[in-house]
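Contents: one structure, followed by commentary.
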Amino acid sequence: MIQSLRGMRDIAGREARIFQWIEERARYFFELYGYREIKLPVMERTELFSRGIGDESDIVQKEMYTFEDRKGRSVTLRPEGTAGVVRHYIENGFDKRDPLKKFYYSGAMFRYERPQKGRYRQFYQFGVEAFGMESPLIDADTIAMLVDYFRDIGIESPLVKVNNIGCPGCRPDYNRALQGYLRNHEERLCPDCRKRIETNPLRVLDCKRESCRKVVADSPDIADFLCDSCRSYDEEFQKLLSARKIPFERDRFLVRGLDYYVKTVFEIHGGEGAQNALMGGGRYDGLVEALGGQPVPGFGFAIGVDRLASLLMETSLFEDDPGKLFMVWNLEEQALLLEKCDILRKCGVSVDFLPDKRSFSNQLKYAHRQGYRHVVILGEEEALSEQIHLKNMETGDETYVSPYDIIEHLI
RNA sequence: GUGGGUGUAGCUCAGCUGGUAGAGCAACGGAUUGUGGCUCCGUUGGUCGUGGGUUCAAGUCCCAUCAUCCACCCCA
C-alpha cells in the first residue's frame, strides 16, 4: 500500500469544511480591514529564504525542503509566507514608487521537522503583511482585526500576548545587560541556553525549562532599555489596544524566533498541548532592505490553520448538515429521477441518491445511517405529480410540498 | 536531529510463561420487494506494519526498518 509521506496528511470530511470556513471568514475580515489577496508560488530560490529568515535560523539550517531543479539551481518549498510577499513587493518596485501596500496570502508551507501534535511537514497558514507604515495604529488595528476574527469563528477568549523587543538602536544595550546577567547565573542554565548567551541571549527568555525560567524571572526587563522612539511607540500601541477594548497582556518573555523582528511582537494562544500558539507576528522594519529593497517598514503575522481547525473540531461546528436531501426512489423510467433532482437542485438544495435499484426499506436505512434529516420519496405515484413527497426522518412526518418552497421545510 | 510510547478486521481493542487469531461496534444481506430507527438471524472482512533472525513451532522473543503519537529543539 502506498502511504502518504511523513508529516503530510489529507484533510477531508468535516475538517475540510472547517478549513474552508476558517479561510472564508479570514478573507472577509482581511478585506474589511483593507488587505488584498496575493497568490504566491509555493517554491522560490533558496536564497530568498536564507537571506530573509536568517542563515543561522533553525528553519534555514535544518528544516527546509531544498532541491536542485533540472538546471542545477537551488530551489526551496516555502517554509513561511513573508519572504515571498516581500519578494513580490520589491520585484514590482513598490518600495521605490508606491510603498503603502497591504497584502494577505493563504496556502501550504513546508518544513522538514519531526511531526507532533499541531505540527506537520506540510501545514497551512494565512497571514497579512503591511508595508510602508510605521505607526502603532497599524499594529493595533491589525491585532484588533485578529481578535474580532477569532471571536467570530468561535474561539471564545483568545489570549493575546504582546511585547516590544526594541530596535537596532536600543536592543544591543539590552542584549549586553542580559548577557551580563546570564553569565552570572550560567551554571543554573541548560546547555542550550549557555550557548545562547553568546549567540542569541533573547532566546534564553523563552526557554521552557523550569531551571532556566527561574533564572530569567529576575533578569533585566527590556522595557527599561528601550530608546525614546521604541518606548513611545510601545506606549501608544498599548494605549490604542486598550482604547479598542482588546484584552491583552504584556509578556516580557515573549521573543519571536525569526530574527528580523523589531519593536512590536505578539502571539495569540489557545488550545491544549505544547504547540498551542495559534498565530504569531510582529514588526519587521529591516526585512525589505535585507532582501535588496529600499528601507521600508513592515508589519505582519501568520495564522496556523491546522491548529485553529483542530480547536474547532472539538466544538460542534458543522456536525450536521440539515440542508441536504436524499432521494428514495423506485421508477421504471430512470430519467425521471434525474429530472426531479434537477428541479430540486435548481431550487438550491443539495440532493443525492443511490444509483442502483434497491428497496425503499433499504434506501431509507441507508439515508438514516448517513444522517439525512429529510428524504424525498419518489415512486411511480409521485412521478406524476408536481409536488415533492418529503419525509422528515426525525419526526417521521410526511408532507407534499412544492419544490420552490422546499427550503422552508428543511430547517 | 534527541528521548519515550504504540502498530492485531473499516473503528476501538483482547490475545497469559511461544502451540497456528477473537470480541464489540461498523459495513453488507435477510425477517420487511412503498417506509428508516428497536429487535432477531446471517454474511463479508486479518500475508498480526514491513523485512530478517532464534525455534520443531513466533501476534507473542531478538534485530532492523517504516509509520504514528507525545515531548524536546524550533515554530504556525
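Just so we're clear, the structure is a prediction, and the values are computed from it rather than from any experiment. The chains referred to below are lettered A, B, ... by the order of the sequence lines, with proteins before strands, and numbering in each begins at 1.
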> Hey, is the side chain of R114(A) pairing donor to acceptor with the base of C70(B) inside 3.5 Å?
Replying inline: no
>> Under 3.5 Å, is there any donor-acceptor pair linking the side chain of R119(A) to the base of C74(B)?
In response: yes
Is there a Watson-Crick or G-U wobble partner for [N] with both distances under 3.5 Å, and which nucleotide is it?
N	answer
U35(B)	none
U60(B)	none
C40(B)	G30(B)
A76(B)	none
U68(B)	G5(B)
U47(B)	none
G22(B)	C13(B)

>> Strictly under 4.0 angstrom, non-hydrogen atoms only: write out the protein contact profile of nucleotides 24-37 of chain B, one letter per nucleotide from the 5' end, B, S or -.
In response: ---SSSS-B-BBBB
Please measure how far the [atom1] atom in [N] lies from the corresponding atom in [M], and state the result in whole Å.
N	M	atom1	result
A57(B)	U39(B)	P	48 Å
G46(B)	U20(B)	C1'	14 Å
G10(B)	G4(B)	P	32 Å
A21(B)	G15(B)	C1'	8 Å
C56(B)	A14(B)	C1'	28 Å
G29(B)	G36(B)	P	14 Å
A58(B)	C63(B)	C1'	14 Å
U60(B)	G52(B)	P	14 Å

Regarding [X] and [Y], does a basic nitrogen lie under 4.0 Å from an acidic carboxylate oxygen?
X	Y	answer
E267(A)	K161(A)	no
E394(A)	R373(A)	yes
K340(A)	D342(A)	no
E186(A)	R183(A)	no

> Are any of Q116(A)'s side-chain N or O atoms less than 4.0 Å away from OP1 or OP2 of C69(B)?
Replying inline: no
> Think R111(A) has a side-chain N or O under 4.0 angstrom from the OP1 or OP2 of C74(B)?
Replying inline: no
Which atom pairs, one a donor and one an acceptor, fall under 3.5 Å between side chains of residues 131-138 of chain A and the rest of the protein, sequence neighbours left out?
residue : atom : partner : partner atom : Å
E134(A) : OE2  : K263(A) : NZ           : 3.2
S135(A) : OG   : L137(A) : N            : 3.0

> For RNA chain B, whose closest nucleotide is more 5', that of D192(A) or that of G7(A)?
Replying inline: G7(A)
>> If you assign K62(A) and L278(A) each to the RNA chain B nucleotide with the nearest heavy atom, which residue ends up on the more 5' nucleotide?
In response: K62(A)
> Restricting to pairs with a member in residues 301-318 of chain A, which pass salt bridge (charged side-chain N to carboxylate O under 4.0 Å, His left out), not counting sequence neighbours?
Replying inline: R9(A)-D306(A)
>> Please list all pairs meeting salt bridge (charged side-chain N to carboxylate O under 4.0 Å, His left out) that have one or both residues in residues 211-223 of chain A, counting only residues at least two apart or in different chains.
In response: D221(A)-R250(A)
Provide, to the nearest angstrom, the distance between the [atom1] atom belonging to [X] and the [atom2] atom belonging to [N].
X	N	atom1	atom2	value
K117(A)	C72(B)	NZ	P	13 Å
Y120(A)	A67(B)	OH	C1'	15 Å
D10(A)	A67(B)	CG	P	15 Å
F266(A)	A76(B)	CZ	C1'	12 Å
N276(A)	C75(B)	CG	C1'	12 Å

Closer than 3.5 angstrom, by distance alone: can the side chain of [X] be matched with the main-chain N or O of [Y] as a donor-acceptor pair?
X	Y	value
N392(A)	G396(A)	no
S359(A)	N362(A)	yes
H185(A)	Y181(A)	yes

>> Test of understanding: with side chain to side chain contact (heavy atoms under 4.5 Å, CB included), list the residues that count as partners of T66(A), not counting sequence neighbours.
In response: T46(A), M64(A), S74(A), T76(A)
> When all nucleic acid strands are considered with a 4.0 Å heavy-atom cut-off, which category describes F301(A): base, sugar-phosphate, or nothing?
Replying inline: nothing
> With a 4.0 Å cut-off on heavy atoms, is A277(A) in touch with a base, just the backbone sugar-phosphate, or nothing at all?
Replying inline: sugar-phosphate
>> Just to be sure I understand the geometry, which residues of residues 194-210 of chain A put a non-hydrogen atom under 4.0 Å away from RNA chain B?
In response: R196(A), R203(A), K208(A)
>> Can you classify the ring geometry of Y112(A) versus Y65(A) as parallel (below 30°), tilted (30 to 60°) or perpendicular (above 60°)?
In response: perpendicular
